[in-house]
Amino acid sequence: MTKASKKSAPDALKDDSQLRQKRMIAEHFSRLAAAPETGDKCVYTFVPGNLTELLRCFDLLPVLPEINALQSAMRGKSKAYIALAEKAGHSEDVCTYVKCDLGMMKSGNIGPTGDRLPNPDLLLLSYTGCFTFMKWFEILRQEYDAPIAMLHIPYQADGKITEAMRAYVVDQLRGKIIPALERLSGKSYDEDRLKEMLARSARAEDDLVWVLQSAKNRPSPIDAYFGGVYYIGPIFTAFRGTEEAVDYYTALRAEVEARIESRLGPITPEGEIDNERFRIVVEGPPNWTHFREFWKMFADEGAVVVASSYTKVGGVYDFGFRHDPSRPLETLAEYCMGCYTNLNLPSRVEMLTRYLLDYDADGLLINSIKSCNSFSAGQLMILREVENRTGRPGGFIESDLVDPRYFSSANIKTRLESYFQMIEQKRSEAVA
Ligand code: SF4
C-alpha cells in the first residue's frame, strides 16, 4: 500500500527550492530581529490582501502574524501559547491563529528563528473578508499601543469587481494608506519604484502559476497542497516584488520542469510518490501541528493533491490576474478584492469545480478547520454542489490550524482511507 519510495529518510526529505525558501525566510526574520538596532520600521499585516510591494517601496518590513502562528505550530509551541491566551480569557472558539499569536507575544515574542520579533511600528489592516482580522488587530493595538491604518476591501458579494469598488479602494490607498506609510518611513511615495516592483511581482506570479498548473501532468510532479504551501511561501509573505522572489520562482520552475521530463512524482518528507493512485482537490487550510503526519497519510495511499484553495489564500493568480505595473494602485485594489477569503460561495464552487475538471481529479476533499469561519462557513453546501456538478465523490475531514487538541490522527486516517476506498469502488463500477 505504501507509495512513498524507498528513498525515504528519518529526516524530512526536501527539494532544493524548499531549502532555498527556508533560507530566504530565515534571513527575513534575522533582519526583523535586528530592526531595533538598524532602525528598520516594521509593519504587521495579514497574508490575504497584503500590500508587500507598497511596504517595500517605502523600505518597510512586513511581519505576518499568521505565518508566525503556523511556524509556532510546526515547532510544537502552539499548544502552550494557546493555553496562555485561553487563561487570559480568550474563548475556545476564537481563531487559534489569534490565540497562538497572543500567547507567543506574552512569552517574549520569539519568532521561528529563535530571535525576538520587533514590536509593530504600524498595524496595517487590509481587511479581506474575515472579521477576525479586525478583532485581532484591535487586541494588538491595545497590547502594543501601535497606530493602525485600515484598508477596507469590499466583499465580492455578487462575484465581480465593479468600477465603484475599485475606485473606493484606490481612494483609500491614495488618501489614507500611502500618507500613513510616508509618515512612518519619512519617505515620499515613489510610483516608479512601485511599478518596478509590480513588474517583478507579475514575473514571479507567471512562474508560480506555471508550477501550480504543472499538476495537470500525469503523474503530477508536485503536490499542490502540502508541497504547495512551500511554493506560495515567498510570494504570499515578504518577498513579492523583490528580485529574490523572481529568482526563487525561476529556480522552482526549472526544478519542476526537470521532474516532468523524468516523469517523477512529488517529493514528500518521506520520499517520492512513485505511483500516483489518487488525484485529489483539497479545500481548506492544512493542519500545522501534525503537518508531516497528515501529508504522510496521503503519501502512503499514493494520493496527490493536484489543486487546492488554500494556495490561493494570498492571491488567486491561476485564472489570469497578474499585478499590472501600468495601473499600480488599481492593480493593488484588484489583487486585494480577488483573494480567496473575499470570494462568495458561488465563486468558490465555480473555482473548485474547474479544478476538478481541469486537473482531472478523482474528487474534492474538504479539511474543515474548527476555528476558521472564513473557510468553513458553507463548506458542506460547497461539497454537495461540486459533487452534483462533476459527479465525482466528495470527502470531509475536520481538524484545526494550530490547536493540537483538534487533530485526531486515528479518526482522520480512517476517514481518508474510507474516502480513497470509495473512489476506487466508483472506478471499478465505472469499468464494470
Ligand atoms: S478565521 Fe480564518 S481567515 Fe480569519 S484570521 Fe483566522 S485563520 Fe485567518
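Each ligand, and each atom within it, is numbered from 1 in the order the structure gives. Remember, it's a predicted structure, so these values are computed and weren't measured experimentally.
If you take CZ on Phe46 and CD on Glu66, they are separated by 6.0 Å, rounding to the nearest 0.5 Å.
Every salt bridge (Lys or Arg N to Asp or Glu O under 4.0 Å) that Lys135 has, sequence neighbours left out, goes to Glu138. Taking the salt bridge (Lys or Arg N to Asp or Glu O under 4.0 Å) definition, one finds that Arg56 meets it with nothing, sequence neighbours left out.
Tyr44 and Trp136 form no side-chain donor-acceptor contact under 3.5 Å, judged by distance and modelled atom types alone. For the residue pair Glu350 / Tyr355, no side-chain donor-acceptor distance below 3.5 Å is found, with atom types taken as modelled.
Inside a sphere of radius 2.8 Å centred on atom 2 (Fe) of ligand 1, the protein N/O/S atoms present are Cys372 SG.
Here the heavy atom of the protein found nearest to atom 5 (S) of ligand 1 is Phe133 CE2, 3.5 Å.
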Listed pairs under 3.5 Å, donor-acceptor, residues 116-125 side chains, sequence neighbours left out:
unit_1	atom_1	unit_2	atom_2	d
Arg116	NE	Gly108	O	3.4
Asp121	OD2	Cys42	N	2.7

